[in-house]
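In what follows, a structure is listed as structure tokens, so that the remarks can point back to it.
Because the structure is a prediction, the values reported are computed rather than measured. The figures that follow rest on heavy atoms only: side chains count, while hydrogens, waters and symmetry mates do not. Start at 1 with the first residue, then count along the sequence.
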Amino acid sequence: MTALDPRSPLVVDTRELGRRPGASHRLTRDAPAPPDLGSEVIGVTEGSPLVFDLLLEAVMEGVLVSGTVSGRVTGECVRCLDPLDSRFVVRLQELYAYDGASSAEDEDVRALDGDRLDLEPALRDALVPTMPFQPVCRDDCAGLPTQYGVPDDVAADGADLPDDLDPRWAALSRLAGAPSSPQGRD
């Protein structure tokens with residue numbers, strides 16, 4: 001295990017809290033988002049602001065961290081490729097065990113590194129599963145048809161698009177002023 005960098009904005013020093021069960025400390029912190037927080041189609045932009053509103057509580061086996069994290073998630077609709085941008089708030093609750101505590105061997109419990117804890121893994125565990133696997137701009141998004149390259153709902157709303165237009169020739173047909181298709185030519 002590598003030592004945590006105390007200058008990292010997602011590393012919290014718990015010395016002020018002490019190890020007396022029942023002691024608590026409120027922590028409000030703005031921090032830049034770490035890299036790769038999400039998937040290829042939706043996620044939090046690296047460096048964008050995250051707001052942590054947390055309560056750190058000393059318990060018998062370690063430090064219990066609970067509260068919320070908020071920020072912005074961006075991406076693109078998997079149907080029409082329009083940009084997505086929305087605000088998120090996720091609940092965070094994680095136990096960080098003291099060195100040598102019986103729960104420190106439990107795979108589901110994170111360990112303190114001396115008196116420091118790293119919020120990044122807990123943030124990933126809380127936020128990434130809440131992101132949609134296939135994000136859409138709206139539930140009824142019709143997407144892009146393979147033939148015309150404009151959203152189906154735009155084409156259905158009166159756009160005059162010929163049935164036989166090959167999209168590779170669309171720009172040339174617009175220059176000529178009439179739709180044409182090289183598909184039937186020898």
Side-chain angles (χ1 to χ4, degrees), residues 1-139 141:
M1 177 181 204
T2 60
L4 296 176
D5 182 358
R7 297 170 297 180
S8 171
L10 296 178
V11 171
V12 176
D13 190 336
T14 65
R15 281 182 289 184
E16 184 178 316
L17 182 63
R19 292 195 174 198
R20 190 178 64 252
S24 66
H25 173 72
R26 176 135 321 263
L27 174 68
T28 303
R29 173 181 288 188
D30 293 350
D36 303 321
L37 191 55
S39 68
E40 289 188 22
V41 291
I42 193 163
V44 179
T45 304
E46 180 178 356
S48 66
L50 298 175
V51 178
F52 292 83
D53 185 14
L54 305 173
L55 178 65
L56 282 65
E57 299 174 275
V59 295
M60 291 298 289
E61 299 202 353
V63 176
L64 179 64
V65 177
S66 55
T68 61
V69 181
S70 60
R72 298 203 73 75
V73 65
T74 60
E76 61 185 25
C77 175
V78 296
R79 294 182 188 162
C80 69
L81 304 178
D82 278 350
L84 300 173
D85 184 5
S86 63
R87 188 177 184 298
F88 72 85
V89 177
V90 292
R91 288 217 37 78
L92 188 74
Q93 186 164 19
E94 194 73 36
L95 175 64
Y96 293 84
Y98 296 129
D99 292 334
S102 62
S103 61
E105 291 86 36
D106 187 355
E107 291 179 17
D108 295 332
V109 177
R110 302 190 194 289
L112 283 166
D113 183 1
D115 287 319
R116 295 187 181 101
L117 59 89
D118 186 4
L119 293 172
E120 184 176 343
L123 170 64
R124 283 186 193 286
D125 289 352
L127 177 59
V128 174
T130 67
M131 293 181 186
F133 181 66
Q134 294 188 327
V136 292
C137 58
R138 60 187 197 280
D139 290 338
C141 176

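The two atoms that bring G18 and Y98 nearest to each other are O-OH, 4.0 Å, heavy atoms only. Between H25 and L17, the closest heavy-atom pair is N-CD1, 3.8 Å. Across A31 and F52, no two heavy atoms sit closer than the pair CB-CE1, 4.0 Å. Nearest heavy-atom pair across A97 and V109 is CB-CG1, 3.7 Å. Listed here is the closest heavy atom pair of R116 and V11: CD-CG1, 3.8 Å. Between L84 and C137, the closest heavy-atom pair is CD2-CA, 3.4 Å.
Looking at heavy atoms from C-beta onward, P121 lies out of side-chain contact with E94 at the 4.5 angstrom threshold. A heavy-atom distance below 4.5 Å is not found between the side chains of V41 and Q134. Side-chain atoms of T130 and F88, non-hydrogen and from C-beta on, never get closer than 4.5 Å to each other. Inter-residue side-chain proximity for C77 and V136 is flagged as met; some heavy-atom pair is nearer than 4.5 Å. In this structure, R124 and L37 have side chains that are in contact, with non-hydrogen atoms separated by less than 4.5 Å. Using a 4.5 Å heavy-atom threshold, the side chains of D13 and P6 count as separate. V51 is not listed as a side-chain neighbour of D53, based on a closest heavy-atom distance of 4.5 Å or more.
Between the side chain of S48 and the backbone N or O of T45, at least one donor-acceptor pair lies under 3.5 Å. Formation of a donor-acceptor pair under 3.5 Å by the R110 side chain with backbone atoms of L119 is not found in this model.
T68 contributes atom OG1, which lies 11.5 Å from atom CG of L55 (distance to the nearest 0.5 angstrom). Expressed to the nearest 0.5 Å, how far CG of D118 lies from CG of L112 amounts to 11.0 Å. Interatomic distance, L54 CG to S24 OG, rounded to the nearest 0.5 Å: 12.5 Å. Distance check, rounded to the nearest 0.5 Å: CG of D125 to CG of L92 gives 9.0 Å. D82 CG to R138 CZ: the interatomic distance, rounded to the nearest 0.5 Å, is 8.0 Å.
Other residues, nucleotides and ligands contribute at most 12 non-hydrogen atoms within 6.0 Å of the CZ atom of R20.
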Item to complete: Before giving the answer on side chain to side chain contact (heavy atoms under 4.5 Å, CB included), spell out for V63 and V12 the whole-Å C-alpha distance, their side-chain angles and the decisive distance to 0.1 Å.
Response: CA-CA 11 Å; V63 176; V12 176; over 6 Å; no
Item to complete: Please test R19 against D115 for salt bridge (charged side-chain N to carboxylate O under 4.0 Å, His left out), starting from the C-alpha separation and ending with a verdict.
Response: CA-CA 10 Å; R19 292 195 174 198; D115 287 319; 3.6 Å; yes
Discussion item. Side chain to side chain contact (heavy atoms under 4.5 Å, CB included), that's the test. Do M131 and V90 meet it? Break it down for me.
Written reply: CA-CA 11 Å; M131 293 181 186; V90 292; over 6 Å; no
